[in-house]
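I have placed the structure first, in the form of structure tokens, so that the comments after it can refer back to it.
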Amino acid sequence: MSKTGTIGDSVFRTILIIFAATILVIVAAMIAMMVQNSIPTIREFGFGFLTGSRWLPASDIYGALPFIYGTIVSSLIALILAVPLSLGIAIFLVEQAPARIARPIAFMVELLAAIPSVVYGLWGIFVLAPFIRVYLGPFLQNYFGFIPLFQGRLTGIGMLTGGIIMALMVTPIVTAVVRDVLEVVPTAQREAALALGATKWETTVIVLGNAASGIAGAVVLGLGRALGETMAVTMVIGNSPQISASLFEPAYTIASVLAANFAEATDKLYMSALIEMGLVLFLVTFIVNALAKLLVLRVAKRQTGH
Amino acid sequence: MGSKINIKNLNFFYGADQALFDISLKIPERQVMAFIGPSGCGKSTFLRVLNRMNDTIPIAKVSGTVKIDGKDIYAPKTDVVALRRKVGMVFQKSNPFPKTIFENVAYGIRINRMHKDKTDLEERVEKALKDSALWDEVKDRLNTSAFGLSGGQQQRLCIARALAVQPEVILMDEPASALDPIATQKIEELVVELKEHYTIAIVTHNMQQAARVSDRTAFFMLGKLIEVNPTERMFTHPDEKLTEDYITGRFG
């Protein structure tokens, strides 16, 4: 080995370490900046910031609860719709479809993930919102109107529309992860079930049992996506900081309020309120994503472990 | 003794590749028939023809007839689920489900709705575990994970799981190839005991094992059945020169 080679390698190594360290520095800097800038509202409202339900920037009253509520409820709607759909697609792709059908469908699902958020938003405004106002809303009110969830006026813009748009946006990622964990379930598990006289459905149940924690991981990952989804939701959710039992009423999410209000938040306390919500969203999605990664990893490990 | 399984002119293809050539063979009831031959000779493929496990491979194609109890299992209206219940299978690598020991054995009973009630289910599980010589080792931890068992115990659990659905035929695809000598010996003893009630077809790459456990042995090479004879004869005076060369270790 020539000496220059060794020097070259150590320079190379150092450069790579610097690159890798950059990520850690950026994350640390983001947290530090957000904590520092949310000090005014933390001082002013303390924990009450998260439980306060009034949001009146003109009177310097900042309660984040409507946004937290909107974020959680719209994400739950998204998951309730997206998880069965994704599971169905993934099971079809892995367990049923012959390769020549599975490949184009998988490709289209991946394509769905590549559509820009704002395009989903446009589609939401011009297609989904009228559809909900004219068809889905009246249908739900006719048959399930006794449930408070489906009462209220129908504008087409609101919590439900936001949730449905989110569902479409998280379906590709959940499908892709579920498909991956189903694929690592050993063929031996399927054959064991089949050899005992299991039907295709019973065999699939065994496969799902093998992949359970990975599927949980996929769901949590979808939750992480839904929590942080901004543009499309901002366009269809109505952007009104209220807590209403009705899914047809306009709502607001943390991500949306950040995107929509930064420009006008000139006041120091207003800015601090927005940044503190950003911090909350950051921490929650950070934890949710870490949990998802952990769950998915566990399946991969167990499958290769024996 | 009558033959349980009767195979006539069986050909098997993976797409354009032929894996089995014109195989005709009878497997007698309540005996052990061993299948030996070099790797890739088609013995595992042959075994998987008998419970139609090859159906899971889209490009697989079968011709000829395979009759079990006189019924062609490749006839169009065959109930494959019922067939696989009747023809159990134990695989090369033990493959317990990620469930408890009890639930592993109970699985086949449950999906085939064989039990009358909970007590009946427990009795059936116990019997299967006793028949696979595992009961004494696991009776105190039925509700723990099957993955906590040793490799040999897991394989006997898989045998118990297969026995629990009361099959008539058991196919074993190198069931001891991943096990240590003591665990292997236990499996072999079990095979000899099981033939009292079951017809057993066992694939093995271990000729001593074939000699120890089987009544008859079939020798496969390159997808062709070279010879089938009573095991004792096969290992002392084989009819074919090829068989003799293989058994004496001249190739393989």
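Here is how names work: the chains are called A, B, and so on, in the same order as the sequence lines, proteins then strands, and each is numbered from 1.
Here the closest non-hydrogen pair linking A:Leu196 and B:Ile111 is O-CD1, 3.9 Å. Annotation for A:Gln189 and B:Pro96: closest pair NE2-O, 2.7 Å, computed over non-hydrogen atoms. Listed here is the closest heavy atom pair of A:Ala193 and B:Tyr107: CB-OH, 4.0 Å.
Within 6.0 Å of atom CZ in B:Arg84, more than 12 heavy atoms from other residues, nucleotides or ligands are found, so the atom counts as buried in its surroundings. Around the CZ atom of B:Arg141, the shell of radius 6.0 Å holds more than 12 heavy atoms that belong to other residues, nucleotides or ligands. A 6.0 Å sphere centred on CZ of A:Phe146 holds more than 12 heavy atoms belonging to other residues, nucleotides or ligands. Heavy atoms from other residues, nucleotides or ligands lying under 6.0 Å from CD1 of B:Ile182 number 12 at most. Within 6.0 Å of CZ in B:Phe13 there are more than 12 heavy atoms belonging to other residues, nucleotides or ligands. Counting heavy-atom neighbours within 6.0 Å of B:Tyr14 OH, excluding the residue itself, gives a total above 12.
Within the 4.5 angstrom heavy-atom criterion, atoms from both the backbone and the side chain of B:Arg161 approach chain A. For chain A, no part of B:Lys86 is nearby; none of its heavy atoms comes within less than 4.5 Å. No part of B:Val80 comes within reach of chain A, as not one of its non-hydrogen atoms sits under 4.5 angstrom from that chain. Proximity to chain B involves both the backbone and the side chain of A:Leu194, based on heavy atoms less than 4.5 angstrom apart.
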*side chain to side chain contact (heavy atoms under 4.5 Å, CB included) evaluation trace for B:Asn112 with A:Glu202*: CA-CA 10 Å; B:Asn112 291 300; A:Glu202 287 157 347; over 6 Å; no
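The pair B:Arg48-A:Glu191 meets the salt-bridge criterion, with a side-chain N (NZ, NE, NH1 or NH2) lying under 4.0 Å from an Asp/Glu carboxylate O.
For the pair B:Asn95 (side chain) and A:Pro186 (backbone), a donor-acceptor distance under 3.5 Å is absent.
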